[in-house]
Protein chains: 6
Amino acid sequence: MKISARNVLPGKVAAIHKGPVTTEVTLELAPGLQIVSTITTHSAEALGLKEGAQAFGVIKASNVMLAVDE
Amino acid sequence: MKISARNVLPGKVAAIHKGPVTTEVTLELAPGLQIVSTITTHSAEALGLKEGAQAFGVIKASNVMLAVDE
Amino acid sequence: MKISARNVLPGKVAAIHKGPVTTEVTLELAPGLQIVSTITTHSAEALGLKEGAQAFGVIKASNVMLAVDE
Amino acid sequence: MKISARNVLPGKVAAIHKGPVTTEVTLELAPGLQIVSTITTHSAEALGLKEGAQAFGVIKASNVMLAVDE
Amino acid sequence: MKISARNVLPGKVAAIHKGPVTTEVTLELAPGLQIVSTITTHSAEALGLKEGAQAFGVIKASNVMLAVDE
Amino acid sequence: MKISARNVLPGKVAAIHKGPVTTEVTLELAPGLQIVSTITTHSAEALGLKEGAQAFGVIKASNVMLAVDE
């Protein structure tokens, strides 16, 4: 499947914090560069996410803001 | 200002594609690792974004999906 | 690629309205049931979307609201 | 109230999974076609959602991605 | 229609900036308090939005970030 | 830090409802005008949010829908 989301970032699952409905997953993209995702716990289990496993962070461009130092 | 968004990723503006209302900005986080953002053209101008300038990509964790290879 | 997004809805491209940065795509899921998506024009072209082609609408569960009649 | 969201999809509540802050709701749009939503538990209760009840899934077009088979 | 979105904010349309696909609308909630929305141009026209008209800003709670001064 | 998000609304924290992964925060923008946000519990703690404290609601324009009375 090829998706329209402009950001498909390969990484490795660094941490999983499971809640009853929502699960927080930390993905390491590169040494010192991590992103955090919240998905449903159902999805985290359906994907079989485990610490150390390869995964992708997927982000629609319209959900990326920009900021600059003042 | 400190923001709740879990992902504040430093990078360098690699490309700007301006439309009448929406502008697409490519940010290089590391060599070979880029993210794409769409913001209002008004914001792109208000931030003074220029190719080569330092900027941050800011993404709320609930907007990050995960995927795995099948 | 298997994605965490809970909603991956198969359909057929019914209409494409291209703008300079953003493109609006109408997807028919079933007779009389359409969804509308806006993605970057770059993505619409990269996916090779054409009227009549098969495609999926992909929506993260946290982006689906619910409503009831009053 | 008429809303700008391009996608207002009528369905029937198929399942509700309540957490302390977030609730996951499955809506059946047609036989075999379901969508999943996560909203606050407060909203799920305020709307009086119950299995079998009529409800609408409401999705802003900018939150719909597209994908194609490779 | 009663919606799960926790934020339904009444205001008055202060400005409309129409693009080919996306339209930017400024809504005044109170004197000196404005919010900006981008919706499809198709929706802006379907709602019949005009400067000075009453309208509501509708925002899902999961799309509201928080920030504090440092 | 100056952010591209068009909506940065100053207010006062009126209520905090903490869950295991997600926390719901109510922000009072003006007397009688509140907005509700859901962020990760980790962020709520990292920002040191407390009832009565000053904070900002931050919302990307593409996440603001509009509605009109029918």
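Naming: A, B, ... by sequence-line order, numbering from 1 per chain.
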Query raised in the report: Can you tell if the side chain of F:E24 reaches within under 4.5 Å of the side chain of E:R6, non-hydrogen atoms only?
Result: yes
Query raised in the report: Counting heavy atoms not belonging to E:H17, are there more than 12 under 6.0 Å from its NE2?
Result: yes
Query - N/O donor-acceptor pair under 3.5 Å between E:N63 side chain and F:N63 backbone - result: no
Report task. Verify side-chain contact (heavy atoms from CB on, under 4.5 Å) between F:L9 and E:I35, making sure each step is shown before the conclusion. Result -> CA-CA 8 Å; F:L9 310 170; E:I35 59 171; 4.0 Å; yes
Query raised in the report: Is it the side chain or the backbone of F:A30 that comes within 4.5 Å of chain E heavy atoms, both, or neither?
Result: neither
Query raised in the report: Measuring heavy-atom distances to chain E, does F:I3 have an atom under 4.5 Å in its side chain, in its backbone, in both, or in neither?
Result: neither
Requested in this report: State which residues pass side-chain hydrogen bond (donor to acceptor under 3.5 Å, both in side chains) with E:S43; sequence neighbours excluded, sorted by chain then number.
Outcome: E:T40
So which residue, [options], ends up with the most heavy-atom pairs under 4.5 Å with chain E?
options: F:V68, F:I59, F:L66; result: F:L66
options: F:A5, F:G57, F:A67; result: F:A67
options: F:V36, F:N7, F:L33; result: F:V36

**Report entry** Residue part contacting chain F, namely of E:I39, when any heavy atom lies under 4.5 Å
**Finding:** side chain
